[in-house]
Amino acid sequence: MSELANYSGLLSEIKSRIAHAQTRAMQAVNSELIRLYWHIGQLLAERQDQEGWGKGVIPRLSQDIRNELPEVKGFSERNLKLMDQFYNTYPDLFSTDLIGQPLVAQLPWAHNVLLMQTIKDEASRFWYMEQALAHGWSRNILKLQIESGLHRRQGQAISNFQQRLPSPQSDLAQQALKDPYIFDFLTLEARFHERELETGLLAHLEKFLLELGQGFAFVGRQYHLRVGESDFYPDLLFYHLKLRCYMVIELKRGEFKPEYAGKLNFYCNVVDDTLRHPQDAPTIGLILCQGKDNVLAEYALRGIDKPIGIASYELTRALPATLVSALPSIEMLEAELAAIAQFEPEINGEINRV
């Protein structure tokens, strides 16, 4: 039996080493590709400056590369123009100790192109680079986070964490929250009930967790808490894997009211006494409302002894009847799709060349 255990351990270690080696190899390949594209962009930019070449040389260059190196992909006209832009965006990338250089070299080309074309502010661009690498975001997830303005929302919730949590737990907890939260994957009528909001979020749990951020693990909805002879049911209960604590989330329709903080403080006390393990950090509460008066929220948290954050949320409501009537019919959409289908071979060919 011990021989089998030893063999299993050996197999597990070898598999782990193979996986790490594959990851390092992929990172090395990506880094060299980014370096290659930057140097090609440098050549294009310098020749254009020195020789006075216009942009017309790029289509010819792309065609000649395809003719002479047909097995090499990634040198379409569009991609060559992007390399030129890439060099002009980071002209000192591989020649000085540019702060963002390691980040740029670690990200895939598609991520770099997206950031280069959508985020003009350098500090914000590097912030998204750090987040994408830390959380392993795909290009599509990165695009969603950029479109939602995550860098402006992260860490913006009102809280009493500085007074109720030790450092650095207080700073980590603050950065784990945002304001506002964007639930644009929901469509609710204007006079929705809180239970409908709760049901909708859990029906789209994957998107909900993505918006909450890294580390949230769902524990339960309307989680039963027994206190004396009474039963209580907080809306949502999570466990945060990085903060190592339970998180109670209360969903409220309309504006924030001070009494919400007292009720959530009560829930956090009960969770701490009944669910929290000795190794866990104190339970954190989060109140999500459609709106809040910041001054009112700050006053409401004074005297509250549990760490609580208050943030707003935004969602997509049902389309008004006037707008619905203006939308294209199914027949119109089918005709449009049929027209697009005629050009699919050409579009797919260009994507494959890039």
*Can you check whether L177 reaches M247 side chain to side chain, under 4.5 Å on heavy atoms?*
yes

*asked:* Salt bridge check, K257 against E255: does any charged N sit closer than 4.0 Å to a carboxylate O?
replied: no

_Distance, nearest 0.5 Å, that separates CZ of R60 from CD1 of I65_ = 12.0 Å

*Short question: side chain of Q42, backbone of D84 - any donor-acceptor pair under 3.5 Å?*
no

_Closer than 3.5 angstrom, by distance alone: can the side chain of W38 be matched with the main-chain N or O of A105 as a donor-acceptor pair?_
no

*Charged N to carboxylate O under 4.0 angstrom, E259 versus K263?*
no

*Backbone N or O of G74 within a donor-acceptor pair of the N79 side chain at under 3.5 Å?*
yes

*Decide whether Q162 and D171 meet the rule of one side-chain donor and one side-chain acceptor closer than 3.5 Å.*
yes

*In sequence, state the C-alpha distance, the side-chain angles, and the governing distance for W109 and L82, and then conclude on side-chain contact (heavy atoms from CB on, under 4.5 Å).*
CA-CA 10 Å; W109 177 240; L82 288 172; 3.8 Å; yes

*Please indicate whether K15 has more than 12 foreign heavy atoms, meaning atoms of other residues, nucleotides or ligands, lying under 6.0 Å from its NZ.*
no

*Going by atom types only, do S31 and Q106 share a side-chain donor-acceptor pair under 3.5 Å?*
no

*Quick one: do the R226 and T274 side chains pair a donor with an acceptor below 3.5 Å?*
no

*So, for K178 and A157, which heavy atoms are closest and what is the spacing to 0.1 Å?*
O-CB, 3.9 Å

*Going by the angle between their ring planes, with limits at 30° and 60°, are H135 and W137 parallel, tilted or perpendicular?*
tilted

_The single option from D121, L103, L150, I119 passing side-chain contact (heavy atoms from CB on, under 4.5 Å) against W127_ = L150

*asked:* So does L61 get a backbone contact from the side chain of D64, meaning a donor-acceptor N/O pair under 3.5 Å?
replied: no

*Euclidean distance, Y313 OH relative to Q290 CD, rounded to 0.5 Å*: 4.0 Å

*If Ile, Leu, Val, Met, Phe, Trp and Tyr residues are connected whenever their side-chain heavy atoms lie under 4.5 Å apart, and connections chain through other members, are Y90 and L44 in the same group?*
yes

*Taking all non-hydrogen atoms of both residues into account, name the closest pair between S170 and F161 and its distance.*
CB-O, 3.4 Å

*Could you tell me whether the side chain of L115 reaches within less than 4.5 Å of the side chain of I146, counting heavy atoms only?*
yes

_For the student: nearest non-hydrogen atoms of H111 and S138, plus distance_ = NE2-C, 3.4 Å

_Between R153 (side chain only) and P180 (backbone N and O only), is there a donor and an acceptor less than 3.5 Å apart?_
yes

_Quick one: does any side-chain atom of D280 pair with a main-chain N or O of R276 as donor and acceptor, under 3.5 Å?_
no

*Where is the tightest heavy-atom contact between A176 and H240, given as atom of each residue plus distance?*
CB-NE2, 4.0 Å

_Are F238 and F218, when compared by the centres of their aromatic rings, separated by less than 6.0 Å?_
yes

*salt bridge (charged side-chain N to carboxylate O under 4.0 Å, His left out) contacts in which one or both residues fall within residues 232-244, not counting sequence neighbours*: none

*Would a distance-only check, ignoring hydrogens and angles, find a side-chain to backbone donor-acceptor pair under 3.5 Å from H193 to E196?*
no

*Give, for atom CZ of R78 and atom OG of S62, the distance between the pair rounded to the nearest 0.5 Å.*
12.5 Å

*Do Q222 and E198 meet the criterion of a side-chain donor-acceptor pair at a distance under 3.5 Å?*
yes

*Spacing of CG belonging to L205 relative to CG belonging to L210, to within rounding of 0.5 Å*: 11.0 Å

*Can you check whether K292 reaches I158 side chain to side chain, under 4.5 Å on heavy atoms?*
yes

*Do the non-hydrogen side-chain atoms of L243 and Q169 ever get within less than 4.5 Å of each other?*
yes

*OG/S312 to CG/D179 distance, rounded to the nearest 0.5 angstrom?*
4.0 Å

_Nearest 0.5 angstrom please: L188 CG to R253 CZ, how far?_
10.5 Å

*With distance as the sole test, does N112 use its side chain to make a donor-acceptor pair with the main-chain N or O of V104 at under 3.5 Å?*
yes

_Chi angles and distances behind the side-chain contact (heavy atoms from CB on, under 4.5 Å) call for E32, L36_ = CA-CA 6 Å; E32 285 304 311; L36 171 65; over 6 Å; no

_Heavy-atom closest pair, residues C289 and G254_ = CB-O, 3.5 Å

*asked:* So that I can tick it off, tell me whether E211 and K207 are bridged by a salt bridge, with the cut-off set at under 4.0 angstrom between side-chain N and carboxylate O.
replied: no

Would you mind writing out the side-chain donor-acceptor pairs for residues 296-310 within the sub-3.5 Å range, not counting sequence neighbours?
from, atom 1, to, atom 2, distance (Å)
D305, OD1, N265, ND2, 3.1
K306, NZ, D272, OD2, 2.7

*Salt bridge check: are E71 and R66 linked by an N-O gap of less than 4.0 Å?*
no

*Tell me, with the steps shown, if L114 and R139 meet side-chain contact (heavy atoms from CB on, under 4.5 Å).*
CA-CA 8 Å; L114 176 63; R139 182 190 179 280; 4.0 Å; yes

*Just wondering, do F232 and V270 contact through their side chains at under 4.5 Å, heavy atoms?*
no

_According to a hydrophobic-cluster definition based on side-chain heavy atoms being under 4.5 Å apart (Ile, Leu, Val, Met, Phe, Trp, Tyr only), do I287 and Y223 belong together?_
yes

*Answer whether the closest heavy-atom distance between the side chains of I34 and N30 falls below 4.5 Å.*
yes

*asked:* When you group the ILVMFWY residues by side-chain heavy-atom contacts below 4.5 Å and let the links chain together, are F192 and I249 in the same group?
replied: yes

*Should we count CZ of F266 as having more than 12 external heavy atoms under 6.0 Å?*
yes

*Apply the test side-chain contact (heavy atoms from CB on, under 4.5 Å) to residues R125 and T89: give CA-CA distance (whole Å), side-chain angles for both, the deciding distance (0.1 Å), then the verdict.*
CA-CA 11 Å; R125 198 186 314 134; T89 302; 3.6 Å; yes

*Specify the closest pair of heavy atoms between P234 and V248, including all atoms of both residues, with the distance to one decimal.*
CB-CG1, 3.7 Å

*asked:* Run F183 and F208 through ring-ring contact (aromatic ring centres under 6.0 Å, His included) and show every step you take.
replied: CA-CA 7 Å; F183 301 145; F208 182 32; 5.6 Å; yes

*Are I284 and L275 connected in the hydrophobic side-chain network, where two residues link if heavy atoms are under 4.5 Å apart?*
no

*Got Q85 and M116 here, is their nearest side-chain heavy-atom distance under 4.5 Å?*
yes

*So, do L225 and D231 sit near enough that their side-chain heavy atoms are less than 4.5 Å apart?*
no

*Any chance NE2 of H277 has more than 12 other-residue heavy atoms, nucleotides or ligands included, within less than 6.0 Å?*
no

*Does one hydrophobic cluster hold both L133 and F126, with members joined at side-chain heavy-atom distances below 4.5 Å?*
yes

*With Y246, which residues qualify under ring pair (Phe, Tyr, Trp, His ring centres under 6.0 Å), at least two apart?*
Y239

